[in-house]
Amino acid sequence: MQSFAIIGAGLAGATACRSLRDQGFEGKIFLFGDEPYEPYDRPSLSKSALATKSAPPLLMGCNWSEEFRVEKCLGVRVETIDLPSMRIEVSSGSDLKFDKLLFATGSRARSLRLDAHSETPGLYSLRTLDDCVALQGAISPGAQVIIIGGGLIGCELATTIQKMGAKAIILETANELLLRVLGKTIGSWCREELEAIGVEVHTGVSITHVDLDPSFREVRCGDGRRFSGDLAIVSVGAEPVTALAEHAGLACARGIIVNSVGMASSDTVYAAGDVASWPLRSGGRRSLETYLNSQNQAAVAAGAMLGKGEPAPQVPISWTEIAGHRIQMMGDVTGPGNVVTRVDPGGTGMTVCRLNGGELQSAVSIDQSADFSFASKIIERRMLVDAESIRDPLIRMKDIFKLAAKTVA
């Protein structure tokens, strides 16, 4: 009987367990997780779980491990992997022989580096349930919270902190929020919405020093400005957790390098989720760090482990909630072509699209779920559309999709 080992008990790891069984695998499945918790919903940590000081929702049902016949090894750290002998050694001192191995180790919060040789400890971050619990205890009504970094997590945190009756201050090094993931138009809109709910935003900030006095945090900037608060949270991105894979001799470059079915540089090892540097449909590869892509990659990799792999180059797709608005995105906002903005005539939102040669290659929608639903189908199927039709909000996106579908047919 074959034994499959999955390292990482988050979304990708749990999805792979279920997918292996759904696709007919009858062997043993071992799931290892550093954290002692059942697989939980990580995106809620910066939203409902923090705001309500509650536990995040679980990803699987109460008896899921029995239903899918998974041997859970939670709170157990994998220490070493010996690929030639196909064995892993865990923190308890025991080892396990495997036939196939899936890395689903995710990513860790990137540390704040103030110079080339040092990191700044003692600051809060948010990546795990334990991080969330620490913040739940630290943030109280009236507190002033400095958020270093104005990306997705930073903006989500600012929204939640304001809901908790505290004051959020965002310090962002770029000249606008969310530039990398949402582009300048949406980033500027988000900044204005955050400021409208009381968030203080400072862009173009170069941080040179952080004072970690127990009673307050002070952040000093290159231009002489100083910001003080009751606590400071570092939110400057994430790094794939690849140390185990690197030590095992797998090819890594900001993630474990895999092909379009999730196979790593060893044909018995696969990777999915944030830790995987997966090929993109648009070319190149990278770790995508999104919920939906992690689910898709885990299912594809599970099939490949069973010899059923269907190549699946990825298109980034995700969502967020900022300042009370739902933002959905697909594709890369930066790239060749023209940007077309579709503004809802009722003033309730907009969709910003990037078209290249008539092909819709990315869309970011604010409070426009219906538009995004059809825009994502157009992107997924690589349909050609008319830019002026996209720009005109009186032409339904549904009708644009139908016309493009007829053209394809």
Side-chain angles (χ1 to χ4, degrees), residues 3-21 27-46 49-50 53-82 86-111 121 124-138 238-248 256 269-276 289 291 294-295 298 301-302:
S3 293
F4 285 4
I6 298 173
I7 306 176
L11 175 65
T15 300
C17 289
R18 179 169 52 197
S19 187
L20 283 169
R21 294 304 186 204
K28 295 180 180 180
I29 300 176
F30 295 87
L31 178 68
F32 295 91
D34 285 358
E35 296 181 77
Y37 311 115
E38 291 285 334
Y40 60 85
D41 179 69
R42 202 172 297 274
S44 69
L45 296 181
S46 60
L50 180 59
K53 298 192 175 183
S54 60
L58 297 180
L59 295 174
M60 312 291 275
C62 294
N63 300 314
W64 76 275
S65 57
E66 290 82 4
E67 178 184 355
F68 296 114
R69 307 189 308 284
V70 174
E71 185 167 332
K72 297 181 297 185
C73 306
L74 303 179
V76 176
R77 186 176 64 255
V78 176
E79 300 282 5
T80 58
I81 299 171
D82 186 338
M86 299 175 69
R87 287 185 179 276
I88 61 178
E89 182 180 330
V90 299
S91 53
S92 62
S94 60
D95 62 4
L96 170 76
K97 185 170 176 58
F98 62 85
D99 296 287
K100 297 284 178 68
L101 174 66
L102 174 70
F103 276 94
T105 45
S107 56
R108 65 168 61 89
R110 184 179 291 125
S111 300
Y124 289 90
S125 61
L126 182 60
R127 200 69 189 175
T128 67
L129 177 53
D130 287 343
D131 293 336
C132 183
V133 171
L135 283 172
Q136 288 172 349
E239 298 173 334
V241 179
T242 58
L244 265 176
E246 291 175 29
H247 292 157
I256 300 171
V269 181
Y270 297 77
D274 291 5
V275 74
E289 301 175 20
Y291 191 100
S294 290
Q295 281 185 314

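Everything numeric in this text was worked out from a predicted model, so none of it was measured.
- For Asp41 (side chain) and Ser44 (main-chain N/O), a donor-acceptor pair under 3.5 Å exists by modelled atom type.
- Listed here is the closest heavy atom pair of Ala16 and Ile6: CB-CD1, 4.0 Å.
- With sequence neighbours excluded, the residues that form a ring pair (Phe, Tyr, Trp, His ring centres under 6.0 Å) with Phe4 are Phe25.
- Nearest heavy-atom pair, Val275 versus Pro240, reported as atom, atom and distance to 0.1 Å: CA-CB, 4.0 Å.
- Residues satisfying the side chain to side chain donor-acceptor pair (under 3.5 Å) criterion with Asp82, sequence neighbours excluded, are Ser85.
- Annotation: side chain to side chain donor-acceptor pair (under 3.5 Å) contacts of Ser54 (sequence neighbours excluded): Thr52.
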- Query: Going through the checks in order, is the side chain to side chain contact (heavy atoms under 4.5 Å, CB included) test met by His247 and Ile81?
  - Reply: CA-CA 8 Å; His247 292 157; Ile81 299 171; over 6 Å; no
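- Screening residues 125-135 for side-chain hydrogen bond (donor to acceptor under 3.5 Å, both in side chains) gives Tyr37-Asp130, Ser107-Arg127, Arg127-Asp274, Thr128-Asp131 as the qualifying pairs, with residues at least two apart or on separate chains.
- Note: Arg77 CZ to Glu35 CD = 13.0 Å, rounded to the nearest 0.5 Å.
- Applying the side chain to side chain contact (heavy atoms under 4.5 Å, CB included) rule to Val90 yields the partners Phe32, Val76, Val78, Ser92, Ser94; only residues at least two apart in sequence or on another chain are considered.
- In this structure, CG on Leu101 lies 4.5 Å from CD1 on Ile7, to the nearest 0.5 angstrom.
- When the side chain to side chain contact (heavy atoms under 4.5 Å, CB included) test is applied to Pro36, no partner is found at least two apart in sequence or on another chain.
- Sorted by first and then second residue, the pairs that involve residues 6-20 and meet side-chain hydrogen bond (donor to acceptor under 3.5 Å, both in side chains), not counting sequence neighbours, are Ser19-Gln23.
- Put simply, CG on Leu31 and CG on Leu74 are 6.5 Å apart, with the number rounded to the nearest 0.5 Å.
- With sequence neighbours left out, Tyr291 forms a ring pair (Phe, Tyr, Trp, His ring centres under 6.0 Å) with Trp319.
- Shortest non-hydrogen contact noted between Leu59 and Gly10 is CD1-C, 4.0 Å.
- With sequence neighbours left out, the salt bridge (charged side-chain N to carboxylate O under 4.0 Å, His left out) criterion links Lys100 to no other residue.
- By the side chain to side chain contact (heavy atoms under 4.5 Å, CB included) test, Ser65 pairs with Val70, Lys72, sequence neighbours left out.
- Using a 4.5 Å cut-off on side-chain heavy atoms (C-beta onward), Leu45 and Tyr40 make contact.
- The two residues Leu102 and Ala272 make their nearest non-hydrogen contact at CD1-N, 4.0 Å.
- Closest of all the heavy-atom pairs between Trp64 and Glu38 is NE1-OE1, 2.8 Å.
- In this structure, the side chain to side chain donor-acceptor pair (under 3.5 Å) partners of Glu246, at least two apart in sequence or on a different chain, are Thr242.
- With values rounded to the nearest 0.5 angstrom, Phe103 atom CZ is found 5.5 Å from Leu244 atom CG.
- The closest side-chain heavy-atom distance from Arg69 to Ile29 is not below 4.5 Å.
- The heavy-atom pair separating Ala55 from Ala49 by the smallest distance is C-CB, 4.4 Å.
- Under the side chain to side chain contact (heavy atoms under 4.5 Å, CB included) criterion, Ala14 pairs with Pro39, Met60, not counting sequence neighbours.
- Side-chain contact check for Cys132 versus Pro56: every heavy-atom pair is 4.5 Å or farther apart.
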